[in-house]
Number of protein chains: 2
Amino acid sequence: MSTSRGGNGRRTAARGTYAVGDERRLRILDAAVEHFAQWGFHASSLARIAKDVGITQGGLLHHFRSKESLLVAVLEHSDEQDVERFFGTEPASAAECFTTLTRLASHNATRLGRVKMFNVLLAEASNPGHPAHAYFTRRNSEVLRRMTGSLRRAVDSGELKPDADCPAVAREAIAVMDGLQLQWALDPEGVDMVAQFRAYADRTLRAITVTGRGLPA
Amino acid sequence: MSTSRGGNGRRTAARGTYAVGDERRLRILDAAVEHFAQWGFHASSLARIAKDVGITQGGLLHHFRSKESLLVAVLEHSDEQDVERFFGTEPASAAECFTTLTRLASHNATRLGRVKMFNVLLAEASNPGHPAHAYFTRRNSEVLRRMTGSLRRAVDSGELKPDADCPAVAREAIAVMDGLQLQWALDPEGVDMVAQFRAYADRTLRAITVTGRGLPA
DNA sequence: GTCTATAACCGGATAGAC
DNA sequence: GTCTATCCGGTTATAGAC
């Protein structure tokens, strides 16, 4: 255990990809997503997660030195896939900003487990003592900051009406996204998350775009 | 334990009020809300809940014969206060429907613990094996059904545009409510849940109301 | 109505064999 | 890198005293 780095693992500098030989780590991460989704953090069990991977609890703790470091690794791993992918490049317009969110909804619609996990952990994390509290607080304000910035630039460029309440629009869009994910997780067949979000995005964008200005695509 | 009725308790027929002598039951219910909010269902502990009330785990199980029946009682107790209060009377118009939702947001803004509990349990309940799965599935479809009905009647009465997508509007409003509650629970000081929802409600109602028709108040 | 005691089990983390 | 063994504590639920 002196050679293991617990929740971090070795990775190349450039893109956060993992060296070969970490397939076991990745399998643990994937299994952990499903367990955190089903049980939340506190009620998840390292032994049950390990069993899904085909090892014992002791074996799992060789890769992640504690339950909390496993949670951190799961969250960081998800962020490498998502946040950079969807928020890495600055949107050139408000329209593109909403399009990006719709594509994110579309992507999430293919990963029920991850959505359920984020639903549960986000809800749990409202407690300051929760190990994911800092993560979600930071993540929320970061997404809010980026989107508000994009919308403000769109106001400056003349795309959006000058009186658009950028922080409020951003917060509302996030609320719709999170709220739809809750409903979709409860009833994946009965809720068309992507269509619902696209309808919201189109209507909201239209409402704050300067009149007569055509929307791309 | 043969005289206790576990999760139901005795109540008068008319309004679900509890007979005197059930103060202990009510205190347990209140404590349980805080624990389910903080720990979720699985990771909550009867002994810790009991300790908050000033009794032992054994004493608690005299009032609720199992952990699951305690959860059911908590949910039913909340519904007596909320759903009937806000959805008992049929809204006379779409405007009143949205006003009712805004008042519900306002009411919820005074009860952080209950909001946190519903956030966590709703997220957890997406798992079919969760003891609250049936409750939230039913509750969601019920709220959706009622609101969709109200909107449809508003279309028929000429208040709303004929092409309004009533189920989509209803689902979206619920998503905004739930999503804002997640953000508010994470940062109660930094999020004005009521103002955010009112802004959403006003704008959305305006977008689907027939042009030139004045909005009450 | 509340307590204590107990049954039977599961939790995370550590140590050390291989 | 994975296992087994172990420590110490927590979990729900039951039984029975008072």
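A note on names: the letters A, B, ... follow the listed sequences, proteins ahead of strands, and every chain is numbered from 1. These numbers come from the heavy atoms of this one structure, side chains and all, not from hydrogens, waters or symmetry mates.
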- Message: Is it the case that the side chain of Ser141(B) and the backbone of Arg138(B) share a donor-acceptor pair, with hydrogens and angles ignored and the cut-off at 3.5 Å?
- Response: yes
- Partners meeting salt bridge (Lys or Arg N to Asp or Glu O under 4.0 Å) with Arg152(B) (sequence neighbours left out): none
Donor-acceptor list for residues 29-43 of chain A side chains, cut-off 3.5 Å, not counting sequence neighbours:
unit_1   : atom_1 : unit_2   : atom_2 : d
His35(A) : NE2    : Asp52(A) : OD2    : 2.9

Between [N] atom [atom2] and [X] atom [atom1], what is the distance in whole Å?
X        : N       : atom1 : atom2 : answer
Phe64(A) : dG12(C) : CZ    : P     : 15 Å
Lys51(B) : dT11(D) : NZ    : C1'   : 15 Å
His62(A) : dT4(D)  : NE2   : P     : 16 Å
Ile55(A) : dC18(C) : CD1   : P     : 21 Å
Leu61(B) : dA5(C)  : CG    : P     : 17 Å
His63(A) : dC3(D)  : NE2   : C1'   : 12 Å
Lys67(B) : dT11(D) : NZ    : C1'   : 8 Å
His42(A) : dG12(C) : NE2   : P     : 12 Å

For [X] and [N], is the shortest distance between a side-chain N/O and OP1 or OP2 below 4.0 Å?
X        : N       : value
Thr56(A) : dC3(D)  : yes
Arg65(B) : dT12(D) : no
Arg24(B) : dT2(C)  : yes

Report all interatomic pairs (protein N or O, nucleotide N or O of nucleotides 6-10 of chain C) with separations under 3.5 Å.
none

- Task: Could you tell me which residues satisfy side chain to side chain donor-acceptor pair (under 3.5 Å) with Gln57(A), sequence neighbours excluded, listed by chain and number?
- Result: none
- Query: Do any pairs count as a side chain to side chain donor-acceptor pair (under 3.5 Å) and have a residue in residues 166-194 of chain B, sequence neighbours left out, and if so which ones?
  - Reply: Arg171(A)-Gln183(B), Gln183(A)-Arg171(B), Arg203(A)-Glu172(B), Glu172(B)-Tyr200(B)
- Task: Not counting sequence neighbours, which residues clear ring-ring contact (aromatic ring centres under 6.0 Å, His included) with Phe118(A)? List them please.
- Result: Phe136(A)
- Do Phe64(B) and Val74(B) come within less than 4.5 Å of each other through their side chains, counting heavy atoms only? no
